[in-house]
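Excluded from the calculations below are hydrogen atoms, water molecules and symmetry mates; all remaining heavy atoms, backbone and side chain alike, are included. Worth saying up front: this structure is predicted, and the values here are computed from it rather than measured.
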Amino acid sequence: MKQKHTMFFIGLFVLMGLLTSVGMHADSIAVHHPVAAAVQVGGDGAVSAEKKNGVDVKEIVFGHIGDAYEWHITTWGKRHITIPLPVIVYSRMSGWHVFSSARLEENGGSYDGLSVASEGSRFEGKLVEHDTAGNEVRPWDFSITKVVFALIINSVLLLVIILSVARWYRRHPQDSAVPGGFVGFMEMFIMMVNDDVIKGCVGPNYRKFSPYLLTAFFFIFINNL
C-alpha cells in the first residue's frame with residue numbers, strides 16, 4: 001500500500017512538472033514566434049481560422065494569465081465584465097496615489113498623472129509617470145494586482161481548509177471515531193504526503209520540517225488547481 005502511495009505522488013509531481021514545462025515552453029514560443037505557437041497548438045487549420053476570424057489567440061491567453069490592475073472575468077457581447085482592483089502607488093514627484101483601477105479604464109489607461117506603459121516599453125503593462133524630460137519613471141507600486149488578489153484568495157482558501165480540519169480534531173478526543181467525509185479525505189491526503197514524501201526525503205528529523213513543507217505543498221497545490 002505504501003508503495004502505491006509513493007508511486008501515486010511520484011506520478012503527481014512528474015505530471016505537475018510536465019505541465020509547468022509545457023506551459024513555459026508555450027509561453028516562450030508565443031512571445032518569440034506567435035505564428036509557430038498557433039501551429040503547435042492547433043496546426044495549419046488553427047492559423048487559417050485565426051486569420052479568417054480575426055481572433056488573437058496570444059492576446060486571449062496572455063490576457064487571462066498575465067498580471068493586470070483589474071481582473072477580467074469574461075466578455076458578454078460587447079461588454080467586458082471585470083473586477084476593479086485598488087491601485088496604491090507612491091511617487092517621489094507627487095506623493096501617494098490611491099484609487100480604483102476603474103479610473104484607468106474610464107480615462108483610457110491614464111489617471112492622476114499616472115498611465116499604463118504601452119506595448120514596447122520596458123515597463124509594459126505597469127503604471128508609470130513622466131519626468132520633466134518626458135522619460136518614463138516607475139513609481140513605488142503597492143497595488144493589489146490580479147496575481148496578488150489571486151494569491152490572497154488562495155491563501156484564505158488554504159486557511160479555511162486547514163483550520164476547518166483542525167477544528168474537527170479539537171472537538172474530538174484522540175480515541176474517538178475515525179473522521180469521514182472531507183476531514184477524512186484531508187487526513188488521508190496529509191498523511192500520504194507526510195509519510196510517503198516528506199519522511200522519505202528528509203529522513204529521521206522530518207518532524208520539525210513537516211509543518212512548513214506541508215504548508216508549501218498545499219499552497220502550491222491549490223494555486224495550481
Side-chain angles (χ1 to χ4, degrees), residues 18-154 223-225:
L18 286 173
L19 290 175
T20 303
S21 300
V22 170
M24 293 173 65
H25 180 62
D27 289 351
S28 176
I29 291 176
V31 170
H32 300 291
H33 304 285
V35 175
V39 172
Q40 178 172 337
V41 174
D44 295 335
V47 178
S48 301
E50 181 179 349
K51 291 181 179 179
K52 182 178 179 180
N53 299 326
V55 177
D56 191 340
V57 177
K58 176 185 172 184
E59 182 180 357
I60 293 174
V61 173
F62 281 88
H64 281 288
I65 66 175
D67 201 7
Y69 289 96
E70 62 182 8
W71 196 329
H72 179 261
I73 304 300
T74 187
T75 300
W76 189 272
K78 295 184 178 180
R79 181 183 179 186
H80 297 288
I81 301 175
T82 61
I83 300 175
L85 300 171
V87 175
I88 307 169
V89 173
Y90 175 74
S91 166
R92 293 186 180 91
M93 295 184 288
S94 54
W96 286 96
H97 301 263
V98 181
F99 55 89
S100 170
S101 62
R103 302 295 184 188
L104 295 170
E105 182 68 22
E106 295 169 358
N107 295 276
S110 300
Y111 182 75
D112 202 17
L114 301 168
S115 60
V116 179
S118 59
E119 185 177 354
S121 169
R122 64 188 182 122
F123 303 121
E124 180 179 346
K126 300 298 182 181
L127 280 175
V128 297
E129 57 184 347
H130 294 83
D131 59 17
T132 54
N135 299 316
E136 288 184 342
V137 179
R138 185 88 167 95
W140 290 94
D141 197 342
F142 304 96
S143 303
I144 307 298
T145 61
K146 183 173 70 172
V147 171
V148 175
F149 189 52
L151 289 174
I152 292 173
I153 292 175
N154 294 337
N223 276 278
N224 283 337
L225 291 179

query: Can you tell me if CZ on Phe149 sees more than 12 non-hydrogen neighbours from other groups inside 6.0 Å?
result: no
Sorted by chain and residue number, the side chain to side chain donor-acceptor pair (under 3.5 Å) partners of Asn107 (sequence neighbours excluded) come out as none
Check your understanding: Thr145 side chain to Tyr69 main-chain N or O, any donor-acceptor pair under 3.5 Å?
Key -> no
In Leu114, Ile88, Val87, the residue satisfying side chain to side chain contact (heavy atoms under 4.5 Å, CB included) with His97 is Leu114
Rounding to 0.5 Å, atoms CD1 (Ile81) and OG1 (Thr74) come to a distance of 6.0 Å
The salt bridge (charged side-chain N to carboxylate O under 4.0 Å, His left out) partners of Glu106 (sequence neighbours excluded) come to Arg103
pair Val89-Ser143: side-chain heavy atoms closer than 4.5 Å:
yes
For Glu105, the side chain to side chain donor-acceptor pair (under 3.5 Å) test, sequence neighbours excluded, returns none
Quiz item: Is the backbone N or O of Asn223 less than 3.5 Å from a side-chain atom of Asn154, with the two atoms forming a donor-acceptor pair by type?
Solution: no
Output a table of donor-acceptor pairs, distance under 3.5 Å, between side-chain atoms of residues 123-132 and any protein atom two or more places apart or on a different chain; print 'none' if there are none.
unit_1 : atom_1 : unit_2 : atom_2 : d
Glu124 : OE1    : Gly120 : N      : 3.4
Glu129 : OE1    : Ser91  : OG     : 2.9
Glu129 : OE2    : Ser91  : OG     : 2.5
Asp131 : OD1    : Ala133 : N      : 3.1
Asp131 : OD1    : Gly134 : N      : 3.0
Asp131 : OD1    : Asn135 : N      : 2.7

Separation between CD1 (Ile73) and OG1 (Thr82), nearest 0.5 Å, reads 8.0 Å
For Ser115, the side chain to side chain donor-acceptor pair (under 3.5 Å) test, sequence neighbours excluded, returns none
For Val147 and Asp67 the tightest heavy-atom approach is N-OD1, 3.1 Å
Nearest heavy-atom contact between Glu136 and Ser121 is OE1-OG, 2.6 Å
Test side-chain contact (heavy atoms from CB on, under 4.5 Å) on Leu104 and Phe99; report intermediate values, then the result.
CA-CA 9 Å; Leu104 295 170; Phe99 55 89; 4.0 Å; yes
Across all chains, not counting sequence neighbours, the side chain to side chain donor-acceptor pair (under 3.5 Å) partners of Ser110 are none
